[in-house]
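For ligands, and for the atoms within them, numbers begin at 1 and follow the listed sequence. Heavy-atom basis, side chains included; hydrogens, waters and symmetry copies ignored.
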Amino acid sequence: MLIVFLGAPGAGKGTQAKTLAAEKNLTHLATGDLLRAEVAAGSELGLAAKAFMDRGDLVPDDVMIGMIQGRLESPRSDGILLDGFPRTVAQAQALDDALSAADTSVDRSIYFEVSEDELVRRLAGRSTCPDCQRAYHDTFNPPQNADKCDDCDEGLIRREDDKPEAVRNRLKVYETQTTPVLDHYRNAGKLVQVDGEQSIDAVQSDLAAAVG
Ligand SMILES: [Zn+2]
């Protein structure tokens, strides 16, 4: 079984991926984690990726594809759950090619649908204490006194890229890149949309129905 998870940052893919992978005995390939592991191991791929990441650039398709390809072969499980890949149509096509060479294909591509306003609410509310590094969130984990650390009463700080405008920009980039990937799977009859604004349990049961 090969499942692809698609959705913006903050859409809740990671949480659901862990549960579904455990339930269905799938190997969970989260590309962010894989990249960090390759970089930490100092592999050829890791070094190539690091050069781009250090400049703040996206890791190019061929590096990402190389990293995923090696892991598609003989997983020690009942299948693979891809989380964070493919991000572009070139990556989706390369994935199709690699799979068809192995006589298989993507079974389901699941899109976590969450409105931009909700994503901004989830992503933009973060703050941290500069003193003890404790993390807060305006909605999910607010401090007792506004913008003050519960432990040391220090004023909380917000990272530039966690501010609403920066978050909206990041989401625009994501959307521009990913809309054609959604079309790619929709045209292949493999796309399933799941309402990602429901409770974690409701999303989980929709996923179970989608995956079968
Ligand atoms: Zn503190």
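Salt bridge Asp54/Lys50: present, at least one basic N to carboxylate O contact under 4.0 Å.
Summarising the hydrophobic clusters (Ile, Leu, Val, Met, Phe, Trp, Tyr; side-chain heavy atoms under 4.5 Å, direct or chained), the residues clustered with Met1 are Ile3, Phe5, Leu20, Leu26, Leu81, Ile110, Phe112, Val192, Val194, Val203, Leu207, Val211.
A donor-acceptor pair is defined here as one N or O able to donate and one able to accept, closer than 3.5 Å; no such pair exists between the side chain of Thr27 and the backbone of Ser77.
For the Zn ion (ligand 1), the set of protein N/O/S atoms nearer than 2.8 Å consists of Cys129 SG, Cys132 SG, Cys149 SG, Cys152 SG, ordered by chain and number.
Note on residues 185-195: pairs passing salt bridge (Lys or Arg N to Asp or Glu O under 4.0 Å), not counting sequence neighbours, are Asp183-Arg186.
Within a 6.0 Å radius of CZ in Arg108, no more than 12 heavy atoms belonging to other residues, nucleotides or ligands are found.
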Hey, can you pull the donor-acceptor pairs under 3.5 Å for the side chains in residues 35-48, sequence neighbours left out?
| unit_1 | atom_1 | unit_2 | atom_2 | d |
| --- | --- | --- | --- | --- |
| Arg36 | NH2 | Asp33 | OD1 | 2.9 |
| Glu38 | OE1 | Ser43 | OG | 2.5 |
| Glu38 | OE2 | Arg71 | NH1 | 3.1 |
| Glu38 | OE2 | Arg71 | NH2 | 3.3 |
| Ser43 | OG | Gly46 | N | 2.9 |

